[in-house]
Every structure is written in structure tokens, then in C-alpha cells.
Protein chains: 2
Amino acid sequence: MSGFGPGDAFLADCPGRLAVELIADKWTVVVLAGLSKGPVRHGDLIKLIGGISRKMLTQTLRRLEAHGLVRRRAHAEAPPRVEYELTPLGATLIDPIHALTEWARANGDAVLDALDAGLEQTAGNH
Amino acid sequence: MSGFGPGDAFLADCPGRLAVELIADKWTVVVLAGLSKGPVRHGDLIKLIGGISRKMLTQTLRRLEAHGLVRRRAHAEAPPRVEYELTPLGATLIDPIHALTEWARANGDAVLDALDAGLEQTAGNH
DNA sequence: CCGTATCCACCACGATACTG
DNA sequence: CAGTATCGTGGTGGATACGG
């Protein structure tokens with residue numbers, strides 16, 4: 001109903017798999033979203049995101065850097081300061097991510113409803 | 001540059017996290033894409049996707065069913081036949097997924113380029 | 001402040017074999 | 001053909017502590 005032509009699905013070895021492998025983990029999308037407004041410091045990202053450990057943040061950023069989506073900029077100052085920002089390439093990913101966010105805002109409740117509708121387990125507690 | 005207002009990012013406990021938790025695994029997005037053209041049989045999905053095991057397919061479908069995104073329909077026939085299809089709610093997820101696919105088709109090469117540009121490791125094998 | 005190393009628990013995933 | 005059970009494993013991600 002909504003978009004894929006006959007040959008351009010997500011299957012087998014299509015390029016679409018690349019996108020999935022790129023973002024299908026716990027933090028990548030969230031980190032990209034955190035960078036979507038401009039350069040941010042490491043510590044600020046930690047607070048902004050909430051729940052991520054320094055280890056995972058650094059690890060995620062490094063991966064994105066290697067993929068050309070994020071740029072790391074270290075300033076040689078007395079208290080070290082490191083800022084991360086999206087590359088132009090990375091910025092192009094924001095729109096698809098934004099589409100996901102919008103979807104969640106619009107349909108999140110429906111999903112949660114379906115979820116606890118399913119919580120009338122096998123047990124028949126009248 | 002591209003969309004998030006000041007208060008509507010992906011962070012902390014925003015609804016956006018729901019979407020991430022929903023699709024952030026190896027197969028969910030691929031399975032949804034496989035269903036995007038209409039009802040499909042279990043076995044056909046296996047062949048269509050390529051690489052997924054029956055176990056993971058069933059497991060993924062069951063999760064999507066619980067979230068109200070997929071409907072399971074079993075036909076009482078001699079050789080058992082089971083078809084899966086997107087619910088209307090599930091169909092709304094196709095567009096965001098499609099956006100990802102499009103992104104990958106447009107920018108996949110750039111990512112791969114950045115990736116092996118980074119393969120000039122620390123070692124200086126001129 | 002930034003980053004990494006280490007240790008560890010957990011779960012996602014695959015292989016295989018079995019039931020209906 | 002569809003689904004489940006079981007087992008084994010590697011990787012992901014958290015806590016903590018240390019180094020620059």
C-alpha cells in the first residue's frame with residue numbers, strides 16, 4: 001500500500017540492509033538525534049540522552065565517525081573539550097530518523113494499547 | 001538543519017524511544033519490508049528474506065503481532081498454510097522504513113567509501 | 001573532562017532435531 | 001509446511017576503576 005516496488009524491497013542483499021545494520025542497535029539513533037541540533041560536547045550528550053554510559057557513547061560515536069556520519073573535534077585546552085557534530089552526510093540521515101520519531105509520536109499509544117490488550121493472557125481471570 | 005525542535009528530540013524518555021526499541025534488532029525491519037506488499041506465507045518469507053531462520057522469523061512475527069503491527073491468519077487445510085499481513089497500524093510504519101531504504105540507496109556508497117577511507121590504519125604502509 | 005580497560009551478565013541468534 | 005524445544009556461542013551493553 002505504500003511504496004515498495006516489485007524489485008526494491010529490503011531483502012536478500014539490498015542496500016537497505018546497510019541502513020539496518022547501521023542503526024539497529026540500542027543507541028545509534030538516539031545519539032544521532034542528540035547531534036541533530038549542532039555540535040555537542042561529550043558530557044552534554046551523556047546528560048542529554050540519559051541512561052547511556054560513557055563507554056557506549058564513545059563506542060557509538062566512533063562507529064559513526066568511521067562511517068563518515070560524525071566528525072570529532074578535540075580542542076587543546078586546559079580542561080579537555082571535545083565536540084561532536086554531524087557531517088553533511090550524517091545530516092542526511094536525520095530526516096529518515098525524524099520520520100521514525102513522528103511515527104512514534106502519532107502511533108505510540110496504539111502500539112502500547114495493542115500490547116496490553118494482549119495481556120489478557122491464556123489465564124481466564126474472568 | 002533538519003527538523004527537531006527544541007523540546008522534541010529523541011532523548012530521555014520521549015516516545016521516539018519506543019520506535020527504536022521496536023525496530024532495533026537484526027530482523028524486524030526486514031520482515032516488515034517483506035510484508036509490505038501484501039499477505040505472505042511463512043515459507044515464502046524465509047526465501048524472500050534470505051538468511052533468516054524459521055525460529056527468528058516466527059519470533060519476530062510474534063512480537064510484531066503482539067504490538068498490533070502484524071496479523072496472523074492460519075488456514076485449516078491439509079498442508080498447513082499460514083499467512084501474515086500488516087495491520088493498518090503496521091502499514092503506517094512502512095513509510096518511515098521506506099525513507100530509510102531510500103537513504104541507503106542514495107548514500108550507501110558514500111558510507112562505504114568513508115569506511116574504507118578509514119582503512120588507512122594507524123600503520124603507515126604507505 | 002574525556003577516554004579506555006576490564007570484568008561480567010544477559011539475550012539475540014544460529015543449528016539442529018522433533019512434533020503436528 | 002509451520003512451529004517449538006533445546007543447546008551453544010558470541011556479541012552487546014552495564015559497572016567500575018583507572019589513565020591522560
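Remember, it's a predicted structure, so these values are computed and weren't measured experimentally. Chain letters run A, B, ... following the sequence lines, proteins first and then strands; every chain starts at 1.
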Spacing of OH belonging to B/Y84 relative to OG1 belonging to B/T58, to within rounding of 0.5 Å: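 The OH atom of B/Y84 sits 5.5 Å away from the OG1 atom of B/T58.
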Just how far is it from atom CG of A/N107 to atom CG of B/L89, taken to the nearest 0.5 Å?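 CG of B/L89 is found 5.5 Å from CG of A/N107.
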Check the distance between [N]'s [atom2] and [X]'s [atom1] and give it to me in whole angstrom.
X     : N      : atom1 : atom2 : value
A/R81 : D/dG20 : CZ    : C1'   : 18 Å
B/E83 : D/dA2  : CD    : P     : 9 Å
B/K26 : C/dA12 : NZ    : C1'   : 9 Å
A/R72 : C/dC2  : CZ    : P     : 10 Å
B/D25 : D/dG13 : CG    : C1'   : 16 Å
B/I46 : D/dA2  : CD1   : C1'   : 10 Å
A/I49 : D/dG14 : CD1   : C1'   : 15 Å
A/L45 : C/dC2  : CG    : P     : 10 Å

Look at [X] and [N] and indicate whether a side-chain polar atom (N or O) is within less than 4.0 Å of OP1 or OP2.
X     : N     : value
B/R41 : D/dA2 : yes
A/Y84 : C/dC2 : no
B/R73 : D/dA2 : no
A/H42 : C/dC1 : no

Where do A/I52 and A/K26 land on the side chain to side chain contact (heavy atoms under 4.5 Å, CB included) test, with the steps shown first? CA-CA 10 Å; A/I52 194 173; A/K26 195 172 180 183; over 6 Å; no
Beyond-backbone contact of B/V70 with B/R63, side-chain heavy atoms, under 4.5 angstrom: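 They are not in contact (no side-chain heavy atoms under 4.5 Å apart), so the answer is no.
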State, with a plain yes or no, whether a side-chain heavy atom of A/L93 is found less than 4.5 Å away from one of B/L100.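 The answer is yes; the side chains approach within 4.5 Å.
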side-chain hydrogen bond (donor to acceptor under 3.5 Å, both in side chains) partner of B/E85, the single match among B/R73, B/R71, B/R72, B/K37: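 Of B/R73, B/R71, B/R72, B/K37, side-chain hydrogen bond (donor to acceptor under 3.5 Å, both in side chains) with B/E85 is met by B/R73 alone.
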Would you mind telling me which of D/dG3, C/dG3, C/dC2 lies closest to the side-chain atoms of A/P80?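 Nearest nucleotide to the side chain: C/dC2.
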Donor-acceptor pair, distance only, cut-off 3.5 Å: does the side chain of A/T101 make one with the backbone of A/I97?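 Between the backbone of A/I97 and the side chain of A/T101 there is a qualifying donor-acceptor contact (under 3.5 Å).
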Within residues 51-69 of chain B: residues closer than 4.0 Å to DNA chain D (heavy atoms):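 Under 4.0 Å from DNA chain D: B/R54, B/K55, B/T58, B/R62.
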Evaluate B/W103 against A/L22 for side chain to side chain contact (heavy atoms under 4.5 Å, CB included), listing each step before the verdict. CA-CA 12 Å; B/W103 180 88; A/L22 201 53; 3.9 Å; yes
Which residues pass the side-chain hydrogen bond (donor to acceptor under 3.5 Å, both in side chains) test with A/R81, not counting sequence neighbours?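 Only A/E77 meet the side-chain hydrogen bond (donor to acceptor under 3.5 Å, both in side chains) criterion with A/R81.
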So what is the end-to-end bend of the helix from C/dC1-D/dG20 to C/dG20-D/dC1, with 5 pairs used at each end and the value given to 10 degrees?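 About 40°, once rounded to a multiple of 10°.
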